[in-house]
Amino acid sequence: MKRFLPLAALVLLLCACSTGEKRVAVFLYDQADPFVASLSNEIESLWEGTIYRLDVYDGQKSQVVQNEQIEMMLRDPVDLAIINPVDRLGAYAIIRKFQEEDIPVIFFNREPLEKDLDQWDRCFYVGAKAEQGGQIQAEMIMDLFGGDPNHLNRFDRNGDGVLQGVIIRGEQSHQDSEIRTREVRKRLKEEGYAFELLTSLIANWRRKEAYEKMEEVLVLHEGRLEVIFSNNDEMAEGAIERMKERGFFTDDDGNGVVNRDDESWIPIVGIDGLPQAIRSINEGSLYGTVINDWESQARAIVDLAGTILSGREPDESSFELSGGKAIWTDYYPYLSE
Ligand code: BGC
């Protein structure tokens, strides 16, 4: 593992390496997405005080809009681009464009296919391994149910030895929804836990969509529901909001915290660990989250960008560049104390 540069050194690296003004463009798939917004704000604040100019574009969930923004930028080309593609499966065409202009690209959060990244040695990816996120969610729930698949504790409400659950999924074709979902189920199975999927719903990472779709799920399965795995915290929050309306998560003694011994509590685990989720964990509605370490991801992006802009080799970045292509950050669990 490489040691991370302290912030001051990072700023020095970005300042020390250029004569003229260099420009960097950041293309976001959707600035309204809370996770992406946090990551992008972190990139901007790390960038402050450097001699580079940073322009941020919001793709508003449309690849057409993002393509236009890229075309516009290419008329007055920047020195490096940081891209959160709307359609990660369409990254090939984007890479070709940047390759033609010889502008290095760092993708993040929405992972291009390996074969697309491999077509050029000046494009990179920064993100977290979705497998690990799903595995940690499964582990948190196995622990909560007592850690022994043959003797589930009181959270197995109907005492049938099986976890009855719902999975709330993000966007289809996003690696994080496909792989996190798969790994939750795989990990439970590997450890010998019987899991009955009552239903899986797609809420595209969004709180409102999860809130709306949970209504039908609760009508159909309310009495049997024992656990909810959500691909991110925002959708978990939407589910909690709907469930509160139906009498779950009550704070009977009014102390500001939901007591999980209360019958109306159901464990829900999310992913990301943004401040709103931490508040929900502290108030007892959200059981736990898996931190998707956006701070380290932002540092890795800025560090790699600074290394490239200063004319050094990408693998001289202080973050480990796996296979010469990707920087991976770890996920880690977060439960209330
Ligand atoms: C995050 C989601 C986010 C998505 C956007 C995922 O890694 O967990 O919260 O909406 O990325 O691409």
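Both ligands and their constituent atoms are indexed starting at 1 by order of listing. Quick note: residue numbers are just sequence positions, from 1.
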For ligand 1, is [X] a contact, meaning one of its heavy atoms is under 4.0 Å away?
X      : value
Glu234 : no
Ile271 : no
Arg180 : yes

### Query
Where's the contact between Asn292 and ligand 1, heavy-atom distance under 4.0 Å: side chain, backbone, both or neither?
side chain
### Message
Could you work out, for atom 4 (C) of ligand 1, the closest of Trp205, Phe108, Tyr331, Trp294 by heavy-atom distance?
### Response
Trp205
### Message
For atom 2 (C) of ligand 1, which of the options Asp233, Leu28, Asp272 provides the nearest non-hydrogen atom?
### Response
Asp272
### Query
Mind checking whether Trp294 and Phe108 have ring centres under 6.0 Å apart?
no
### Query
Centroid-to-centroid, Tyr125 to Trp328, below 6.0 Å?
yes
Taking atom [atom1] of [X] as the centre, report whether more than 12 heavy atoms of other residues, nucleotides or ligands fall under 6.0 Å from it.
X      : atom1 : result
Arg182 : CZ    : yes
Glu114 : CD    : no
Glu101 : CD    : yes

### Task
Measure the distance from atom 12 (O) of ligand 1 to every protein heavy atom, then report the residue, atom name and distance (to 0.1 Å) of the closest one.
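Result: Asn109 OD1, 2.6 Å.
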### Task
Among all protein heavy atoms, pick the one closest to atom 3 (C) of ligand 1 and tell me residue, atom and distance.
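Residue, atom and distance for the closest contact: Asp33 OD2, 3.4 Å.
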### Query
Judging by distance only, is a nitrogen or oxygen of Glu171 under 3.5 angstrom from one on ligand 1?
no
### Query
If you measure every N/O of Asn84 against every N/O of ligand 1, is any gap under 3.5 Å?
no
### Query
Do you reckon Leu197 sits in the same ILVMFWY cluster as Val166, going by side-chain contacts under 4.5 Å, direct or chained?
yes
### Query
Hey, is Glu171 close enough to Arg110 for a salt bridge, meaning N to O under 4.0 Å?
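Yes.
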### Summary
For Asp176, the atoms of ligand 1 under 4.0 Å from one of its heavy atoms are 6 (C), 7 (O)
### Atoms of ligand 1 close to Tyr29 [distance to a heavy atom under 4.0 angstrom, numbered from 1]
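Atoms satisfying the 4.0 Å criterion: 5 (C), 12 (O).
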### Note, Ser177 side chain near Trp205 side chain (heavy atom, < 4.5 Å)
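When only atoms from C-beta onward are counted, Trp205 and Ser177 do touch, with a gap below 4.5 Å.
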